[in-house]
Amino acid sequence: MIFCMLLLASLPEPSGTEVNPAICRYPLGMHEGTIRDEDITASSQWYDSTGPQYARLQREEGDGAWCPAGLLQPEDVQFLQIDLHKLFFITLIGTQGRHARATGKEFARAYRIDYSRNGERWISWKDRQGRKVIQGNIDTYDVVLKDLRPPIIARFIRVIPVTELPMTVCMRVELYGCVWYDGLASYSIPEGGTIAAPGFPIVYLNDSTYDGYQERRHLYGGLGQLTDGVLGLDDFTQSHQYRVWPGYDYVGWKNESFSTGCVEMEFQFDRPRNFTSMKVFSVVPLQQPGVGLGSGHFQVAPLGSVPKARGYKIVLNSSVFAETTSSVTSTWIGEKADDSNTSILVGCLVAIILLLLMIIVIILWKQYVQKRLEKAPRRILEEDATVRLSFYSYTIANNQTQIHQSNPTYERAFPLDLEYHQPATLLHKLPELSQSAEDSVCSGDYAEPDLTKSTPHQGFQNNVPHYAETDIVHLQGVTGNNMYAVPALTVDSLTKKDISVGEFPRQQLRLKEKLGEGQFGEVHLCEADGLLEFLGVSSSEFTHQPVLVAVKMLRSDVNKTARNDFLKEIKIMSRLKNPNIIRLLGVCVRDDPLCMITEYMENGDLNQFLSQREIYSKFAISNNIPCVSYSNLLYMATQIASGMKYLASLNFVHRDLATRNCLVGNNYTIKIADFGMSRNLYSGDYYRIQGRAVLPIRWMAWESILLGKFTTASDVWAFGVTLWEMFILCKEQPYSLLSDEQVIENTGEFFRSQGRQIYLSQTPLCPNPVFDLMLKCWSRDIKDRPTFDMIHHFLLEQMESNI
């Protein structure tokens, strides 16, 4: 049974204070001047006459707009910040360029928004499809209004212009909304559930716009769909919104998920408040009906099941007083306190204070232990929950040849999250994989395992669990980048003479931006002076110009193992020489910090490049919208296939192929890179295992997730997902409607192959032949997946037929 509810109102303000997004669209004062000049700040300004105080919509003061200093680079983060002094419910934003009475010519073609309720924690706004970038202006004068769906509840707003090419950007802005009278600062709830019935679409009842944080299936410290002002339809599988999933307007839970049979929700308010009634919108009848409040939360007990939603107004028998501090919400029910109850009240307050002190001590202790564990060498404690790894086996695919090598030195125990030990968790929902199933990966012959030979607990101890291979733990390089998998004997046989690049003078490197970081180092975007001359490029007028490069830098205080791994990575990279693979240009290894210098492309990574474009059309051209053609997509895909074909010929396995790891140069040239894993921009694309490893599970083949097998065939699977990303112009994350846990669960369906696995759907831009190629890449059996040689040949044919 599912209990679904949507909070309509929870505060005893005068009638009419319930927020209504349809009418909450009043200008907040940029144009009228009620937002004062001192409340409008910016990260920089070109001149005093283009300062932030001139960023007022439809006003021609100063030089006509706010302009950040210098040319705005694609990687720059310049912002206009507005302090509203109290929380507002913001539903709309208007932008305008610098007209300056026909003398201006600057405007922002795109922008994004960060917001904060306290000025300390900043949150990036995303639309209902997860996109951050908002399309801006197309000229200097016309105002462009954009609805914020979902709306924002915030005091501080930052408008951040976004550009693809270096250019001057100027902006005028207005915010629209209304005061947030509800006074709700945050709420905490359990993670929503799903309804999955045979023959019906899956209904997702999660809080999809929640802007707090999640810990152990519980949401804390944010606001979301319970406060967006939208009332769910009577049929909770339907939605007011376009292009969202069934159940989007509701948050719901399974009764059996809670030992008490009740959903506990905690609300934190801005100040003490008295409650006389509340409203609940539910798809199940409420018991009695009634609501019990206490200890900072209320409980609603569901009873029975009905197909339609209904609303309840619950009158509390006596006033409920809610007192909120900065850390907890405490509520209680009772008559107005008199002198006889003073001692009881004081005793309750003392108990609450002692409880708070205990919680603070526990939190500080956990943080201390966690820091000690992170610094300590990796070791296995007897009291840890551990699982024995399968015998390490490495499979290398070289065209049709399969080589199987074993290395017992990689056999070790890996501590898993204790959460995975519960019988009802995801681990036991997946099949119990036998050693014969693991061996079948190498041969390409997948036999169904005998599930009768072990109980679920025996299967957990003796068979292969989710993250079975040590190789997964070492998926991430020392600087946070992806680490190529290569034949062990080949790596061990490399010596210094195998490094074919020279020592580059480190004083000729100028840091521009930190691209990412890992446990032992960082990746920086740098300008390298004299690099072309260093590489022996024939003299020309461009020889002495600085060149953009990516520099992987190892911290000087790392241990010997990290240094050896970094040098091994240099040896590996020095072997890669292909026009579609990022090339190692030089090293700085004579002294610390050790550095390797690799190519970087002018247009950044393919994910950002495509997500900021539309498909080629007359409308896009006439409106000066950056666009890309079907032929461009095919050309870029062919280059990726060519680069992966080269890696496969060397028995190299990439293990993290995705658009974020492909860099774009001029004329749509592509080079495959390896440091997307280190970038915070793509942290949402990786699934973290207890802080030890991050996995790109949405791009990984089923055998990589279940058995830890990374081969050329698993790279082929990832290529299919990369191709899907390209033909949706990177507007959506793969399996965007599925949680990380559901993605892992879906890999179990691929293993079972009973027709219940979920494939990525065909996108409108993707023709049938290309989608058929994707489906072949996602074949269950390795032998049924095409090789990169076959993929490259097929895409070349598609290009020729498209000419």
Side-chain angles (χ1 to χ4, degrees), residues 71-76 109-110 133 162-169 510 512-513 515 523-551 576-586 597-616 620-621 624-644 646 657-676 679 681 722-723 725-727 729-730 792 795-796 799 802-803:
L71 292 177
L72 186 68
Q73 303 292 329
E75 65 275 10
D76 286 348
R109 292 175 170 81
V133 177
V162 175
T163 182
E164 296 177 2
L165 300 172
M167 63 177 59
T168 304
V169 172
R510 292 197 307 274
K512 287 181 61 66
E513 176 191 355
L515 295 177
V523 181
H524 289 268
L525 181 64
C526 298
E527 284 184 345
D529 292 325
L531 180 63
L532 296 179
E533 186 177 5
F534 171 80
L535 296 174
V537 176
S538 57
S539 60
S540 68
E541 57 179 322
F542 304 107
T543 301
H544 300 289
Q545 291 186 357
V547 177
L548 277 180
V549 293
V551 177
L576 302 180
K577 293 179 174 60
N578 182 272
N580 297 123
I581 302 292
I582 285 296
R583 176 185 166 198
L584 182 66
L585 302 175
I597 305 165
T598 67
E599 291 178 295
Y600 193 81
M601 307 295 278
E602 299 89 340
N603 293 319
D605 67 75
L606 182 57
N607 187 283
Q608 290 296 297
F609 181 81
L610 290 180
S611 65
Q612 297 170 4
R613 281 165 171 73
E614 301 296 335
I615 197 64
Y616 181 88
I621 296 298
N624 201 27
I625 299 174
C627 55
V628 63
S629 69
Y630 172 70
S631 298
N632 299 147
L633 293 176
L634 271 181
Y635 176 55
M636 290 187 287
T638 304
Q639 293 179 78
I640 298 173
S642 176
M644 293 305 298
Y646 169 76
L657 180 61
T659 54
R660 62 181 171 272
N661 264 326
C662 299
L663 300 183
V664 186
N666 294 325
N667 301 318
Y668 302 101
T669 57
I670 296 289
K671 289 180 182 286
I672 299 171
D674 65 346
F675 42 79
R679 302 186 64 184
L681 177 65
T722 304
L723 205 56
E725 285 187 278
M726 295 175 65
F727 279 89
L729 298 184
C730 297
H792 184 241
L795 292 174
L796 284 175
M799 285 183 58
N802 191 59
I803 296 176

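Start at 1 with the first residue, then count along the sequence.
- Residue L606 holds its CG atom at 11.0 Å from CE of M601, rounded to the nearest 0.5 Å.
- In this structure, the side chains of L525 and Y600 come closer than 4.5 Å at one or more pairs of heavy atoms.
- The closest donor-acceptor contact from the side chain of K671 to the backbone of C662 lies at 3.5 Å or more, if one exists at all.
- Formation of a donor-acceptor pair under 3.5 Å by the N578 side chain with backbone atoms of N580 is found in this model.
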Walk me through whether T669 and V664 qualify under side-chain contact (heavy atoms from CB on, under 4.5 Å).
CA-CA 6 Å; T669 57; V664 186; 6.0 Å; no
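- The CD atom of E602 sits 7.5 Å away from atom CG of L548, with the distance rounded to the nearest 0.5 Å.
- Between R583 and E599 there is no salt bridge, since no side-chain nitrogen of the basic residue lies less than 4.0 Å from a carboxylate oxygen of the acidic one.
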Candidate pair L576 and L584, rule side-chain contact (heavy atoms from CB on, under 4.5 Å), full reasoning:
CA-CA 8 Å; L576 302 180; L584 182 66; over 6 Å; no
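- Residues I670 and L663 are not in side-chain contact: their nearest non-hydrogen atoms beyond the backbone lie 4.5 Å or more apart.
- Proximity of I672 to I582: side-chain heavy atoms (C-beta onward) are nowhere separated by under 4.5 Å.
- Using a 4.5 Å cut-off on side-chain heavy atoms (C-beta onward), N607 and N661 make no contact.
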Checking side-chain contact (heavy atoms from CB on, under 4.5 Å) for the pair H524/L515: CA distance, chi angles, key distance, verdict?
CA-CA 5 Å; H524 289 268; L515 295 177; over 6 Å; no
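- In terms of heavy-atom proximity, L165 sits nearest to T163 at O-OG1, 2.6 Å.
- For the residue pair D76 and L72, the shortest heavy atom distance occurs at CB-CD1, 3.6 Å.
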Are V169 and V162 close enough, and set up right, to give a side-chain contact (heavy atoms from CB on, under 4.5 Å), and what steps lead you there?
CA-CA 9 Å; V169 172; V162 175; over 6 Å; no
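- Here R660 does not pair with E725 in a salt bridge; the nearest charged N to carboxylate O distance is not below 4.0 Å.
- Here Q639 contributes atom CD and M644 contributes atom CE; the two are 14.5 Å apart, rounded to the nearest 0.5 Å.
- Inter-residue side-chain proximity for L634 and L795 is flagged as met; some heavy-atom pair is nearer than 4.5 Å.
- Side-chain atoms of K512 and E75, non-hydrogen and from C-beta on, do get closer than 4.5 Å to each other.
- Here the options are T598, V551, V547, L531, the test is side chain to side chain contact (heavy atoms under 4.5 Å, CB included), and the partner is L585; only L531 passes.
- Here the closest non-hydrogen pair linking N603 and G665 is ND2-O, 3.0 Å.
- Between I640 atom CD1 and Y635 atom OH the span is 12.0 Å, to the nearest 0.5 Å.
- Considering CG of L729 and CG of L633, their distance stands at 6.0 Å, rounded to 0.5 Å.
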The test is salt bridge (charged side-chain N to carboxylate O under 4.0 Å, His left out); show your working for E164 and R613 and say whether it passes.
CA-CA 10 Å; E164 296 177 2; R613 281 165 171 73; 3.0 Å; yes
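- Atom OH of Y668 is surrounded by more than 12 heavy atoms from other residues, nucleotides or ligands within 6.0 Å.
- I581 and G643 make their closest contact through CD1-O, 3.6 Å (heavy atoms, listed as atom of the first residue, atom of the second, distance).
- The CD1 atom of I615 sits 6.5 Å away from the OG atom of S629 when rounded to the nearest 0.5 Å.
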